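Take a look at the structure below.
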Amino acid sequence: MPTKANITPFQFYTLLFLSRTFSLVAYIANMRAQLSSSETLVGSLLMGIFLLLTSLPTLWLMKKDANSSILTRASCLSAVYEKIICLIYLVDFFFYGIMTATRFELFASSVMFPETDMSFVMLTLLAASAYAGYKGIEALGRSAVIFLLPVLLVFVFVFCSLLGDFDFLNFTPFTTKNLAETVDSGLYTCAQTHELIAVGILLPFVKEQKRKSLPVWILLVTGIIFLTNLMLSGILGSFSTTQLFGMYSLSVLAEFGFVERMDSIITCVWMICALVKLAYIFFLCDYLLTSLFGKEKKVLYLLLSVAVIFTGMLALSRSIFHFSQVVTSPLSIILYLVSAVGVPLSVVLAEKIKGRKQDEKA
Amino acid sequence: MFDKWKKSKINLSDPVIEEDIEEIPEGIHKQLRENIIAFRELFGESFDLVIKNTQVNGIKAAFIVLDGMYDNLLVSSAVIAPVLEMKFGTTEPQMIYDHINEYRASECDTKEAITMQDAVQNLLSGCILLLIDGVPKCLAFSVQGYPKRSIDQPESEAQEFGSHEGFVDMYKDNVTLVRRRIKSPYVRFETLTAGETSHTTLCVCYHAKRADPVIVNDVKSKLKNMQLDIVPGAGAVRPFLEAKGLSFFTSVGLTERPDVFAAKLAEGRIGIIVDGTPYALIVPYLFVENFHSLDDYLSRPYYTLIARLLKIICFFAAVFLPGIYVAVGTFHQEIFPSDVIFEIASSLQGTPFPLVLESLVIHFIYEIVREAGLRMPKSMGHAVSIVGALVIGDAAVTAGLISAPMLIIVAITAICSAVISPLHQASSVLRMVFIIVGGMAGLYGIMLGFGIVAVNLCSVSSFGVPFTSPISPFDRYASRDSLLFAGWKKVGKRFIQVQKLRGSDSDANKS
């Protein structure tokens, strides 16, 4: 299993940040519950809390040994156990890959190329991402830092240029819906943060200070989601609840001097986030397939991953209805909880039990 | 049919062996006559082989030299006179040989050739050989003195404030130019031979206290294992030192300036001087170095910052500007302000070709004009300028074949690519790629292409050092001389060792 790589925590968490940013940009608002503009703010804060809570098993895992992958540690317990975890994660990342590709397909077919057959576009994007994944985590980490600057600039530009349109009167009271729906929304948004699952797998690739950086990353992700929702609510008001892609709606309104339409330029930057997200998913799929079958066949595994994700995307993207059915089904939450909470927790507990037994024997 | 083709392919790759040409004999004969016959057979009818029979202390001997390869004055004063005037109290050939080797001809470097191969190699390098009857070896005196170009201003790296000395074709002169700039015993110059036919001398240069020995050995091993028949220039050695994997950008630096070369050695890099070429190679090489020039270090830091930013902007303009123009003009017209879009639309309406084709054609013509400017005799320069500027430029717009905004784009691109000359090859190819991508998929395609190029760039490691260092992975100290230059007071406090930059192999091993 290839583990020799040398990326800094900054590169690693930037990669994950960009990946999460794409989910934010291509987030289809109110697919599950019709929350009011203010409640989405509460929902994003709740998402942060859920994220922090679900990251506790990973943090615990890192506390015991921050240099070994969860797979390596599972293999020390039992080879079968490692394979099972590999399989769970593989299903997870195929699922997230399909969801990401479908999200992008829906975004592109409604915003970027409304009159074009998306199959070729999607195949090109997947091929480009697979190539990026093939180049490895070091290349991805390094390029993520380069891509971070335009992404942050776009956020700053959109928010600053629309600051004049921000109006507190756009905020509705917090209690228009019951709290359960807001909590539900927070939980579903949290379940889209599959980057947390990747932390446990990619630990050996990251140098020093990896544990301390995770809570900071969670805070930053929560912050950017909260800020985006704040701007959406403050600028678009209740109109934001009717928009398919909220962040895109904001970018359409943003102007820069004599240039009145910046949306296509901004969409280009979001596209880079899609590339990074899919590339890192492909890298993980290859890594997990290598761990599962024990042989390094990078090109074959990547081609297989492209085929699975492309087929899944074609099946899901036929209509937004199909996609929303999958997104709003409990499957995504179950998958997230099993992978982000269940698996790390089981590994740590199994290690403890094994340690105790060995102590007793000694 | 395929068998025939295969056979012809095999024939082409096989070395040409002419049976009647003499192979170089292994050893040197004891008899002088045999040796002279061997040399005559080996060199055939070559007029420049000069064999002068003589006597040294009463023993038969012969001087062998290639005409035009030696310094007349040095030969007569440092070799022939001391040897022929020698009075030694014995006629034993071996003792005479040893005496000459140890005490005579001390004004020039003397080497012993044991095999005929060595003797021929020294002869071809411009040495004069002394063969003594009864001794199965010969002496080679370094008296080279062939015509060479004098040290001149570097043509491809002209600087405003830097030295006016550039590398020349002779590697020994280049070594002297570097030695004069770093007076340290730790700077090592080791020679290797490359090219099975040309036997070109390569000089590996490094600072023994600063360069990573692992990288030095890696470079040497790559150079030794090169499979080349002749080495026409430094560019032929370059691919053997490039990083693994395909990339548009080279990970081997090239310089014509001894001052730049010396500075790179001081940073722990390894230089390779190739005999017969005025360019030296440098490894490991980083992407940001394409934007550096010597003048940056000799100017005020604030100006250097502006100059480097300009170079980066020029690089992006040279690669992306035509593609972006095509993409915006074809797919995203809404980006243009309303009054500008009217002007562009009216100029485009008069041209018969689609924007992407128009752009490709005009850039193709520009590349032809540029290539002509490089290769043609200087006397034809004015004619090409007139044809380029008036016929292609003015007449094509007047005839309505090309729109005026497109011509402006080409002009900006051409000037920008001249600013970043080390990246010219990569930028001219990428420009064409992005024009096609922009015409097919608009700005989204260009951005996707940029992403792929960026990932490709980030995946390259030059001898274990990330090509994109010190930007990503970010190295705080080294970044003071990357996109900006913090000034000598800050940068000069301590030296940078390239192999210790963040993300490099040694950094990984450390952690």
Side-chain angles (χ1 to χ4, degrees), chain A residues 4-8 10-11 14 67 108 111-113 116 120-121 124-125 127-129 131-150 205-208 252 255-276 278-279, chain B residues 244-247 287 316 320 324 327-328 331-341 437-438 440-461 464-476 483 501-511:
Chain A
K4 188 187 170 288
N6 178 24
I7 64 169
T8 60
F10 180 66
Q11 289 173 335
T14 302
N67 294 319
V111 170
M112 291 160 69
F113 307 103
T116 314
F120 179 70
V121 176
T124 311
L125 177 72
S129 310
Y131 169 77
Y134 173 81
K135 285 290 171 186
I137 193 82
E138 274 185 319
L140 282 176
R142 287 174 200 163
S143 46
V145 174
I146 293 170
F147 299 145
L148 181 68
L149 186 69
F205 292 106
V206 190
K207 300 193 320 174
E208 72 222 14
V252 171
E255 285 180 20
F256 178 70
F258 60 89
V259 185
E260 290 157 15
R261 289 286 302 272
M262 296 286 286
D263 48 307
S264 43
I265 297 172
I266 294 168
T267 309
C268 282
V269 178
W270 302 145
M271 199 165 168
I272 280 291
C273 296
L275 176 82
V276 168
L278 283 167
Chain B
K244 276 181 193 168
L246 291 172
S247 180
F287 185 66
F316 279 98
F320 295 106
I324 289 174
V328 172
F331 294 98
H332 313 279
Q333 295 93 343
E334 77 279 0
I335 290 177
F336 290 125
S338 38
D339 40 354
V340 177
I341 198 169
V437 170
M440 284 171 69
L443 285 177
Y444 309 124
I446 290 181
M447 202 59 179
L448 195 62
F450 164 73
I452 294 169
V453 172
V455 172
N456 177 276
L457 201 66
C458 292
S459 69
V460 176
S461 279
V465 182
F467 192 43
T468 45
S469 190
I471 307 299
S472 181
F474 185 72
D475 190 296
R476 200 165 60 89
L483 297 182
L501 286 174
R502 279 193 93 181
S504 61
D505 280 356
S506 65
D507 184 47
N509 295 336
K510 191 172 68 186
S511 66

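Just so you know, these numbers come straight off a predicted model, no measurement behind them. Chain naming here is simple, since letters A, B, ... match the order of the sequence lines and numbering starts at 1 in each.
Here Ile265(A) contributes atom CD1 and Tyr444(B) contributes atom OH; the two are 10.0 Å apart, rounded to the nearest 0.5 Å. For the atom pair Arg502(B) CZ and Phe10(A) CZ, the distance stands at 10.5 Å (nearest 0.5 Å). Taking OG from Ser472(B) and CG from Leu149(A), the interatomic distance works out to 11.5 Å, rounded to the nearest 0.5 Å.
Annotation: residues 450-457 of chain B contacts chain A through Phe450(B), Gly451(B), Ile452(B), Ala454(B), Val455(B), Asn456(B) [non-hydrogen atoms, separation under 4.5 Å].
Considering only heavy atoms from C-beta on, Ser459(B) stays 4.5 Å or farther from Glu138(A) through its side chain.
By the neighbour-count criterion of 12 heavy atoms within 6.0 Å, atom CZ of Phe474(B) is densely surrounded, having more than that number from other residues, nucleotides or ligands.
When all heavy atoms of Cys268(A) and Met447(B) are compared, the pair lying nearest together is O-CG, 3.1 Å.
Looking only at heavy-atom pairs under 4.5 Å with chain B, the residue among Ala128(A), Gly141(A), Ala144(A) that has the most is Ala128(A).
Within the 4.5 angstrom heavy-atom criterion, no atom of Ser469(B) approaches chain A. Neither the backbone nor the side chain of Val328(B) comes within less than 4.5 Å of any heavy atom of chain A. With a threshold of 4.5 angstrom between heavy atoms, Ser264(A) approaches chain B through its backbone and through its side chain.
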